[in-house]
Number of protein chains: 2
Amino acid sequence: MSAREPLYRAIANQLQDRINAGEWVPGERMPTEAVLVAEFGVNRLTVRQALAQLRAAGVVDIRQGSGTFVANPPPVLEITVDPGRQVDEGSVHATVQSVVSDVTETVLGEEPDPSPAAAKHLAIDPADVKRLDTLVEAGGDPFAVSSYWLDRRRFPDLAARWVGDAALHGVLREAYGITLFYSWRAFSAAAAGPVEVEQLGGLAGAPLIVRDGVSVDSDGRPVYYVRRRIRAERASYVMHYRT
Amino acid sequence: MSAREPLYRAIANQLQDRINAGEWVPGERMPTEAVLVAEFGVNRLTVRQALAQLRAAGVVDIRQGSGTFVANPPPVLEITVDPGRQVDEGSVHATVQSVVSDVTETVLGEEPDPSPAAAKHLAIDPADVKRLDTLVEAGGDPFAVSSYWLDRRRFPDLAARWVGDAALHGVLREAYGITLFYSWRAFSAAAAGPVEVEQLGGLAGAPLIVRDGVSVDSDGRPVYYVRRRIRAERASYVMHYRT
DNA sequence: CACGATTTGTTCGTATGTATT
DNA sequence: AAATACATACGAACAAATCGT
């Protein structure tokens, strides 16, 4: 095994074990840093490093001025992925709206973005690619951030035509007469960077569930490449099979 | 906005900006901690805290004795999800084998696990649930860890019948004559805990892509509930739509 | 291959700021 | 307002891994 395990890691493991053993139940307050310092006979920084490990793993919730609590896994929102439905009608919007009525998608910004990957997905020149970022809010809380890469010649004034509470597929249908179809989707995960932290809240490095995809019009021509990010503890994508 | 931004965060953001600006390209070595200490005029721990943020976000790669490097995004393995194929033949095995020939799935352990959630998915009593953990290795490197929850009365000696390089679906077909069908799958993300770090490597809190699912037999009876974890930077699940 | 220099990792100590109770 | 508890920041020392001579 490991020749010498760092103190902070040993303490983190021991605390994890005691949580698993039920010494503190989810939502319950754990001993303060000062108490742990006395109990383990180490420096406060060492205790904090141990707690930081558990926080990063989503095991504990640390609140300034209040204390450290065993994390209470919140209910995850299950976003249904229906492979049979090829028309893109916004799975996130539909799912979130069934739980929270107050769902909005607002434009955060729009700018040229000569991304080679996006250009390849759209089959256009990188110089013609623009990126439009939006924020989906549910009940006033940030839920998802989306980046759409589009052909800026085809949709020159997209942001201006955006109406506050609509989703992009609705804007494209009503303003441009485009019906969207899914081409492909991909599910992956990533760590939250400074930008995502500012947009979605949470901590740097927190896991995000990422959904990429390309939607095409009725002619099969790519309309946009999208990358949507949601904090991992908030949602999951569920796909049911026909039996 | 933020009244007072912590020093370490300001430094992290500035370093991030300079990386984005191309001051250091991916794979290139960044200034040492000592240099950054002198440059920003702060304590070394403050610099380290800033770098820890970037490391957690996957922006930099820090190697003891060597230095800090701009992260080089490794190629992700795209695991194809075919909603049309309802027979469970092991999508991970199939995909990984197409790239690396040396793929094995070995049993890490088998033990009773009265998980209420698993019992519900299997429609059996929690006392009858056992969990079997396996490790998928590709080219000698750990790639994925899977936990299978099964009815221990139905599969009493499953681990004993396991042959080293097979996948579970093959074991069930050959040893029990069961053909598996997908019932549902779910994609989510989570932070790596101590257990996952030991099994998959990486850092505590690193993002994992998680795939849950239930497979049933030809009678529609649940056979197992599975939860597979892969380090986020290693893979993504891709679903193509029929046009 | 050995060894020293370099660079990051861990741990102690101390002080002050900020949020919550 | 005071006490409590976590957040930030500085200083110092030694350990461990890496790399070049």
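Quick note on labels: first sequence line is chain A, next is B, and so on, each numbered from 1.
Under the salt bridge (Lys or Arg N to Asp or Glu O under 4.0 Å) criterion, Arg234(B) pairs with no residue at all, not counting sequence neighbours. Take Asn72(A) and apply the side-chain hydrogen bond (donor to acceptor under 3.5 Å, both in side chains) test, not counting sequence neighbours, and it matches no residue. Annotation: side-chain contact (heavy atoms from CB on, under 4.5 Å) contacts of Val197(B) (sequence neighbours excluded): Ala192(B), Ala204(B). By the salt bridge (Lys or Arg N to Asp or Glu O under 4.0 Å) test, Arg9(A) pairs with no residue at all, sequence neighbours left out. The side-chain hydrogen bond (donor to acceptor under 3.5 Å, both in side chains) search around Thr134(B) returns Glu105(B), not counting sequence neighbours. Shown here are the side-chain hydrogen bond (donor to acceptor under 3.5 Å, both in side chains) partners of Arg55(B), two or more places apart in sequence or in another chain: there are none.
Taking a heavy-atom distance under 4.0 Å as the criterion, the stretch of DNA chain C touched by chain B extends 5' to 3' from dT7(C) to dT18(C).
No salt bridge links Glu110(B) with Arg131(B); every basic N to acidic carboxylate O contact stays at or beyond 4.0 Å. For Arg18(B) and Glu39(B), the salt-bridge test passes: some basic side-chain N is under 4.0 Å from an acidic carboxylate O. Salt-bridge check for Glu111(A) with Lys130(A): failed, with every basic side-chain N at 4.0 Å or more from each acidic carboxylate O.
Put simply, Arg48(A) has a side-chain N or O that comes within less than 4.0 Å of OP1 or OP2 on dA7(D).
With no hydrogens or angles considered, no side-chain donor-acceptor pair links Asn13(A) and Gln53(A) at under 3.5 Å.
Remark: Val42(B), Asn43(B) in residues 24-43 of chain B come within less than 4.0 Å of DNA chain D through at least one heavy atom. Taking a 4.0 Å limit (strictly below) on heavy-atom distances, residues 61-70 of chain A reaches DNA chain C at Gln64(A), Gly65(A), Ser66(A). Within residues 6-18 of chain A, no residue has a heavy atom under 4.0 Å from DNA chain D.
In this structure, dA15(C) and dT8(D) make a Watson-Crick or G-U wobble pair, each of the two defining distances being under 3.5 angstrom.
The list of ring pair (Phe, Tyr, Trp, His ring centres under 6.0 Å) pairs with a residue in residues 96-122 of chain A, not counting sequence neighbours, reads His121(A)-Trp184(A), His121(A)-Tyr225(A). The salt bridge (Lys or Arg N to Asp or Glu O under 4.0 Å) contacts involving residues 136-149 of chain B comprise nothing, where partners must be two or more places apart or lie in separate chains.
In this structure, the side chain of Glu28(A) engages the main chain of Val25(A) through a donor-acceptor pair within 3.5 Å.
Rounded to whole Å, the distance from CZ on Arg55(A) to C1' on dC6(D) is 11 Å. If you take CG of Leu45(A) and P of dC14(D), they are 18 Å apart, rounded to a whole angstrom. Rounded to whole Å, the distance from CG on Leu51(A) to C1' on dA5(D) is 12 Å.
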